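As the structure is a prediction and not an experimental result, all values here were calculated from the model.
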Amino acid sequence: MDHTQAIEIVNVDRDKVAQHIELCNKGEHICDLNGWCLEIASSAQTFTFGPDTILRPGEELSVYIDRRGELSFNAANALNRRGDRVLLFDAHRELRYQFVYGQSAHNLVIISDVHCDSQGGRDFSDEYVELFNMSDCRVDISGWQIRAVKGDAQFIFPKGAQLAPQAPIRVYSNYIDPQTGGYSINSPRALWRTSNESCQLLDDAEREVSRYSF
């Protein structure tokens, strides 16, 4: 069994002061990352892990862009703040994981469904907008928005919000479901009409990513 499949990029922090990439071992076995490589697509900057780089089960490590950390690209401004793709390769140069954000993720995420309050009553807990990550990448949607083209429905995803590969999440109008992401607009009324309506997904710079009309 290949235990290295459990190594994931779980966060890419684009903060101007301390840009870094976080990896986590989500498996049950120790993994040796000697010879593994991180690559930032927009700048082609790479970092290769040296001998004795061990990641234990549940353990995380950070690789910084500048020189502030023990593990570092020794670069400046390597991450494109508008959008980028970070790739993780094993020692045989086989691609193991990808983390994408901003405009680089525009063709990966869609609004897959809008479930309206068809009854028009007080109980509209089943009303939601569903997003789907069509790719094998983890997508950071921090600061992305769901917005009604008509009307005032709006939801902004908090920092750290992510879409797992090939996975959906839902944003309910007034319900919290941990199984589908745990996101809710907490609206006191139904938000989506059953016809002649459009819903937008915008990125953190308010560029349209997807639109769903019904």
Do any N or O atoms from the side chain of [X] and from the backbone of [Y] form a donor-acceptor pair under 3.5 angstrom?
X	Y	value
Ser112	Glu130	yes
Glu60	Glu22	no
Asn174	Ser187	yes
Ser142	Gly160	yes
Ser184	Tyr175	yes
Gln45	Ile65	no
Asn80	Asp84	no
Asn133	Ala164	yes

Would you say that more than 12 heavy atoms from the other residues, nucleotides or ligands in this model lie under 6.0 Å from the CG of Asp52, or not?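 No, CG of Asp52 has 12 or fewer neighbouring heavy atoms, counting only those of other groups under 6.0 Å.
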[atom1]/[X] to [atom2]/[Y] distance, rounded to the nearest 0.5 angstrom?
X	Y	atom1	atom2	answer
Arg93	Glu39	CZ	CD	5.0 Å
Leu108	Asp136	CG	CG	10.0 Å
Tyr128	Ile146	OH	CD1	12.5 Å
Ile30	Glu59	CD1	CD	9.0 Å

Is there a chain of hydrophobic side chains (I, L, V, M, F, W, Y, each step under 4.5 Å between heavy atoms) that links [X] to [Y]?
X	Y	answer
Leu61	Val86	yes
Leu71	Ile7	yes
Val139	Leu131	yes
Tyr172	Phe157	no

Closest heavy-atom pair and its distance - [X], [Y]:
X	Y	result
Ile169	Tyr183	CD1-CE1, 4.1 Å
Ser173	Leu191	OG-CD1, 3.8 Å
Leu87	Ala41	CD1-CB, 4.0 Å
Asn34	Phe49	OD1-O, 3.7 Å
Gly102	Asp203	C-OD2, 4.5 Å
Met134	Val109	CE-N, 4.3 Å

Set of side-chain hydrogen bond (donor to acceptor under 3.5 Å, both in side chains) partners for Glu208, sequence neighbours left out: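 Listed in chain order: Gln200, Arg211.
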Let me know which of Tyr64, Phe47, Phe73 forms a ring-ring contact (aromatic ring centres under 6.0 Å, His included) with His20.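 Of Tyr64, Phe47, Phe73, ring-ring contact (aromatic ring centres under 6.0 Å, His included) with His20 is met by Tyr64 alone.
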Parallel, tilted or perpendicular: which one describes the rings of Trp144 and His106, with boundaries at 30° and 60°?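 Rings of Trp144 and His106: perpendicular, as their planes differ by over 60°.
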Relative to the ring of Phe214, is the ring of Tyr212 parallel (under 30°), tilted (30 to 60°) or perpendicular (over 60°)?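 Tyr212 and Phe214: tilted rings.
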Between Asp140 and Arg14, is there a salt bridge with N-O shorter than 4.0 Å?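 Counted as a salt bridge, because a side-chain N and a carboxylate O are separated by less than 4.0 Å.
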Is there a side-chain contact between Trp36 and Leu55 in this structure, where contact means two heavy atoms from C-beta onward sitting under 4.5 Å apart?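 A side-chain contact is absent here, since even the closest heavy-atom pair is not under 4.5 Å.
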